[in-house]
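What follows is one structure encoded as structure tokens, with my remarks underneath.
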Amino acid sequence: MLVLASTSPRRRDLLARLGAVPDRIVAPDIDETPRAGELPRAYALRLAEQKARAVSRGQDEIVVAGDTTVAVGRRILPPAEDEAVQRRLLSLLSGRRHHCLAAVCVIGRDGVARTRLADTIVTFKRLSDAEIDAYIACGEGLGKAGGYAIQGRAEALVRALSGSHSGVIGLPLYETRALLIAAGYPLG
């Protein structure tokens, strides 16, 4: 039995690409506030593990959870809670590269938590005010890490990407597959 510790439809769809269909989907309830001095990689890994541990797990269940963190240098960017925050985020990302850190945690039947991280470098083109306005108007970046959703219109604003495309969407498939196999989940 597979439990997805996330209500994100993107994570569910990405798992389906592996042939993994969750038997249960549970929303983990954790505090996602970064700790003082916490670096982005450690933050993403901590959140993925906390999300996995926050849901109840039956004896025969495997839990999978993920976190996507966008960072510029040592700075962890928040999700775009509203259009003003989204505008600030997109202006910050305009014309520069940033890291999209996709952490995944799988807790196997043995109760052991295993984590992996995909670090993807994303470079946006220099965005005009009109391009930022148009992207904000489409509404797809609200609530998203860094204020954008690469699986939508933002993909046309990305000049370069080095790493895991699926990780930027919400779950690094290569790492997730390896962890599920290590946990004994049957994948083809």
Side-chain angles (χ1 to χ4, degrees), residues 4 6 8-20 32 34 37-52 64-80 85-106 114-132 134-136 138-182 187:
L4 174 59
S6 172
S8 163
R10 292 168 307 285
R11 288 198 177 107
R12 186 187 64 240
D13 293 346
L14 287 165
L15 275 176
R17 293 182 191 180
L18 295 175
E32 297 191 23
E38 189 171 35
L39 296 176
R41 294 173 73 86
Y43 171 76
L45 286 164
R46 177 177 64 83
L47 287 190
E49 186 168 345
Q50 282 186 340
K51 288 175 184 179
V64 61
D67 181 73
T68 305
T69 297
V70 174
V72 174
R74 298 166 63 103
R75 182 176 171 189
I76 297 167
L77 301 187
V85 172
Q86 188 178 17
R87 182 174 309 286
R88 283 194 304 273
L89 292 171
L90 293 173
S91 295
L92 176 67
L93 298 176
S94 175
R96 68 188 307 180
R97 56 182 233 169
H98 61 276
H99 291 262
C100 187
L101 304 164
V104 61
C105 179
V106 173
R114 297 166 178 89
T115 58
R116 302 274 295 271
L117 180 87
D119 182 353
T120 303
I121 298 171
V122 180
T123 307
F124 272 23
K125 70 180 281 309
R126 184 160 308 282
L127 302 172
S128 68
D129 289 342
E131 287 171 318
I132 291 173
Y135 186 70
I136 289 172
C138 83
E140 71 182 17
L142 281 179
K144 304 288 190 305
Y148 70 93
I150 199 167
Q151 70 275 17
R153 293 181 185 180
E155 191 165 10
L157 306 175
V158 173
R159 191 168 54 81
L161 183 143
S162 177
S164 172
H165 186 266
S166 63
V168 180
I169 295 172
L171 196 66
L173 292 183
Y174 178 82
E175 291 78 2
T176 302
R177 182 178 185 277
L179 289 175
L180 286 172
I181 289 170
L187 289 174

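Side-chain contact between Glu140 and Tyr148 is absent, with no heavy-atom pair separated by less than 4.5 Å. Counting heavy atoms from C-beta outward, Pro78 and Leu89 have side chains that approach closer than 4.5 Å. Within the 4.5 Å cutoff, the side chain of Lys144 has heavy atoms near those of the Arg10 side chain. A 4.5 Å side-chain heavy-atom check between Thr123 and Arg96 finds every atom pair outside the cut-off. With a 4.5 Å cut-off on side-chain heavy atoms, Leu101 and Thr68 do not count as touching. Between Asp119 and Arg41 there is a side-chain heavy-atom pair separated by less than 4.5 Å. The shortest distance between side-chain heavy atoms of Tyr43 and Glu32 falls below 4.5 Å. Side-chain atoms of Leu93 and Leu77, non-hydrogen and from C-beta on, do get closer than 4.5 Å to each other.
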>> Evaluate Leu171 against Leu15 for side chain to side chain contact (heavy atoms under 4.5 Å, CB included), listing each step before the verdict.
In response: CA-CA 8 Å; Leu171 196 66; Leu15 275 176; 3.9 Å; yes
> Should Phe124 and Arg97 be marked as a side chain to side chain contact (heavy atoms under 4.5 Å, CB included) after you check the CA-CA gap, both sets of side-chain angles, and the distance that decides it?
Replying inline: CA-CA 6 Å; Phe124 272 23; Arg97 56 182 233 169; over 6 Å; no
>> side chain to side chain contact (heavy atoms under 4.5 Å, CB included) for His165 and Leu161? Distances and angles first, verdict last.
In response: CA-CA 8 Å; His165 186 266; Leu161 183 143; 4.2 Å; yes
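Arg87 pairs in a side chain to side chain contact (heavy atoms under 4.5 Å, CB included) with only one of the listed residues (Leu92, Ile132, Asp129), which is Ile132. Remark: of the listed residues Arg46, Gln50, Lys51, Lys51 is the sole one forming a side-chain hydrogen bond (donor to acceptor under 3.5 Å, both in side chains) with Asp67.
Checking side-chain atoms of Glu155 against main-chain N and O of Gly152 turns up no donor-acceptor pair under 3.5 Å. Side-chain N or O atoms of His98 include none that pairs as donor or acceptor with a backbone N or O of Val72 at under 3.5 Å. Judged by distance alone, the side chain of Arg11 and the main-chain N or O of Gly170 form a donor-acceptor pair under 3.5 Å. Between the side chain of Thr120 and the main chain of Ser164, a donor-acceptor pair closer than 3.5 Å is present. Glu175 places no side-chain N or O within 3.5 Å of a backbone atom of Ala103 that could act as its donor or acceptor partner. At distances below 3.5 Å, not a single donor-acceptor pair connects side-chain atoms of Gln86 with backbone N or O atoms of Pro79. Checking side-chain atoms of Thr115 against main-chain N and O of Cys105 turns up no donor-acceptor pair under 3.5 Å.
Applying the 6.0 Å contact sphere to CZ of Arg114 captures more than 12 heavy atoms from other residues, nucleotides or ligands. No more than 12 heavy atoms of other residues, nucleotides or ligands shown are found within 6.0 angstrom of CZ on Arg177.
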